[in-house]
Q: 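Sharing a structure, written as structure tokens. Questions coming.
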Amino acid sequence: MSPAAIEVNGSPVPELKRQLAFYGTLIHCLSSAKVEIIDRGLLLVDTHGKIANLHKDVSKDRIDALISAEGWELNFVAVTILKRGSFIVPGFIDTHNHAPQWTQRGTGRGHIIMDWLNKTTFPHEARFSDTIYAEKTYAACVDGFIKQGVTTACYYGSLHGEATKILAQKCLQKGQRAYVGKCNMNRNAPDYYRDASAEESLAVTEDFIAFAAKLDPHRELITPILTPRFAVACDADVLSGLGKIAAKDPTLPIQTHFNETPQEMEITKLLFPEFGNESDLYEHFGLLNSRSVLAHCIYMDEYDMSRLEHLQCGISHCPVSNITSGSFGVAPIREYLRRDMKVGLGTDSGGGYSSSIIDAMRQAFVVSNARKLMPDYDAAKDKPLSYFETFYLATLGGARVCNLEDKIGNFIVGKDFDALEIHTIGDDAGIITLVEDIDTTADMLEKFIMSGDDRNIARVFVKGRSIK
Ligand code: GUN
Ligand code: FE
């Protein structure tokens, strides 16, 4: 479908035909330390898909009056009454995701990073030179993430401009909010899969950015993102060219991999001996700032940590990938939270075998416990994450990483309604730990996080539009 074909009233995202009302239990985070459980809540969504009001502790007989008080015609409002065991949470935000790796997820285990890239990933991503393959695979990829409650994704595309345009179109057509980037990589990759030159790499990037601006002029759902794969695969011309593009448009986000494995860090130092670390390197090229989304950030000394803190970079924690793809890395998430740095979760699908943010929440919890095995572990300073904190990372934390916290991440009035309707009881509840009569709402949330899956995600909303 061409971009023009989906444009409605100058916006590619149609207005809702009816306002929405949800009555029942709502759960969201107000900060990394504060989860709010709202029982008997009434959440109202206007036809722009924005949260118009959120009433707390409402008795059922007041629903109609409160809807009418908005000036809304009762007959036109789609009202959902949530039964016990069902609740609404903010949509999941996947802050690090390689769309062309959708069909290689979890394969090539046992190889460390450069071998895994050369043996498993590059041959696979090279297939996206075929736009028919890209159409089919990206449709399945976006559907798969929506099904699992990912309302916002930060996607790396392949290096191909045309395939990356298809990815952006698929997200828009299917209603997923997304950052989409053409992957830059002009060295240390095989001839059959690398940008022909720095000039070409930058030209394809600029062409993609121009395409995205036509597709979704106000970035209602789709935002282009600068995507240098990592410094190993980008020469100085590519990095400085991308830095110039970032400087020209200070609203463009940037994503790359940062301090992921010892091997990658050593090669980076050999390639750029003038920099002692990745912080100085990326900052020098204008790619490290409050718009940066940095995947992994595992091996951090005080210098790197304080540079990222000072520059207000976002951190994408990808625990499933970090402990199963060739090395075992345990990122210092407690310290990031202690410093109030921006940190969220990524599937890193397919370095991560799972495409589920629920799995990422669970494994974030596991990895935070694994820190106890580190020789310098300090029990007082490095408490494992709670399941509430993993829920924060998956929602409001991710929104902060993407600088979208004014728009999404929780149910503050005025934000877009990006949300999931969760069912923990009933025939559609899959194999979740059985919810019993004595369970509190917090118990149900814990059971969902620790044992739920996509079967518990009954409906998915982005900007109020139901997309699952
Ligand atoms: N570093 C460079 N490219 C990649 C990739 O595709 N996945 C991961 N996990 N790390 C990378
Ligand atoms: Fe990655």
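Residue numbers start at 1 and run along the sequence shown. When a ligand or atom number is given, it counts from 1 through the structure's own listing order.
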Q: Under 3.5 Å, side chain of D216 to main-chain N/O of E220, donor-acceptor pair present?
A: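 Side chain of D216 to backbone of E220: a pair is present.
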
Q: Please test S451 against T433 for side-chain hydrogen bond (donor to acceptor under 3.5 Å, both in side chains), starting from the C-alpha separation and ending with a verdict.
A: CA-CA 6 Å; S451 69; T433 310; 2.8 Å; yes

Q: Pick, from Y156, W116, F230, the option with the minimum heavy-atom distance to atom 2 (C) of ligand 1.
A: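 Among Y156, W116, F230, the closest heavy atom to atom 2 (C) of ligand 1 comes from F230.
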
Q: Of all the atoms in H257, is at least one N, O or S atom closer to the Fe ion (ligand 2) than 2.8 Å?
A: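 Within the cut-off used here (under 2.8 Å), H257 does place an N, O or S atom near the Fe ion (ligand 2).
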
Q: Could you tell me which N, O or S atom of H98 is nearest to the Fe ion (ligand 2)?
A: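 Nearest N/O/S atom: NE2.
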
Q: Working to the nearest 0.5 Å, report the span between CG of L385 and OH of Y392.
A: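 Here the interatomic distance stands at 11.5 Å.
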
Q: Checking side-chain polar atoms at under 3.5 Å, does Q176 have a donor or acceptor matched by the opposite partner on Y155?
A: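 Present: a donor and an acceptor within the cut-off.
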
Q: Using a 4.0 Å cutoff against the non-hydrogen atoms of H296, which atoms of ligand 1 qualify?
A: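 The list of qualifying atoms is 9 (N).
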
Q: How far is atom 10 (N) of ligand 1 from its nearest protein heavy atom, and which residue and atom name does that atom have?
A: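 Closest protein heavy atom to atom 10 (N) of ligand 1: E260 OE1, 2.7 Å.
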
Q: Examine H96 and say whether one of its N/O/S atoms is closer to the Fe ion (ligand 2) than 2.8 Å.
A: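 Yes, within the cut-off.
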
Q: Verify the neighbour count for atom NZ of K407: are there more than 12 heavy atoms of other residues, nucleotides or ligands below 6.0 Å?
A: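 Yes.
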
Q: Does the N or O separation between T121 and ligand 1 drop below 3.5 Å for any pair?
A: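 T121 vs ligand 1: no N/O contact under 3.5 Å.
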
Q: Is it the side chain, the backbone, both or neither of H98 that has a heavy atom closer than 4.0 Å to ligand 1?
A: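 The part of H98 near ligand 1 is the side chain, not the backbone.
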
Q: Is it the side chain, the backbone, both or neither of V232 that has a heavy atom closer than 4.0 Å to ligand 1?
A: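 For V232, no heavy atom sits under 4.0 Å from ligand 1.
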
Q: Within the 4.0 Å heavy-atom shell around R229, which atoms of ligand 1 are there?
A: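 Answer for ligand 1: 2 (C), 3 (N), 4 (C), 5 (C), 6 (O).
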
Q: Examine Y133 together with H160 and report whether their ring centres are nearer than 6.0 Å.
A: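 Here the rings of H160 and Y133 have centres that are no less than 6.0 Å from each other.
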
Q: What residue and atom, counting heavy atoms only, is the protein's closest point to atom 11 (C) of ligand 1, and at what distance?
A: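 Result: H257 NE2, 3.3 Å.
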
Q: Do other residues, nucleotides or ligands put more than 12 heavy atoms under 6.0 Å from the CD1 atom of I132?
A: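 For I132, atom CD1 is not crowded (no more than 12 foreign heavy atoms under 6.0 Å).
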
Q: Classify the ring geometry between F275 and F272 as parallel (under 30°), tilted (30 to 60°) or perpendicular (over 60°).
A: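 Correct class here is tilted.
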
Q: Could you walk me through whether R177 and D418 pass the salt bridge (Lys or Arg N to Asp or Glu O under 4.0 Å) check?
A: CA-CA 9 Å; R177 195 185 296 278; D418 283 19; 2.8 Å; yes

Q: Check whether any N or O atom of E125, backbone or side chain, sits under 3.5 Å from an N or O atom of ligand 1, and answer yes or no.
A: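 No.
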
Q: Of all the N, O or S atoms in D348, which has the shortest distance to the Fe ion (ligand 2)?
A: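 Nearest N/O/S atom of D348: OD1.
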
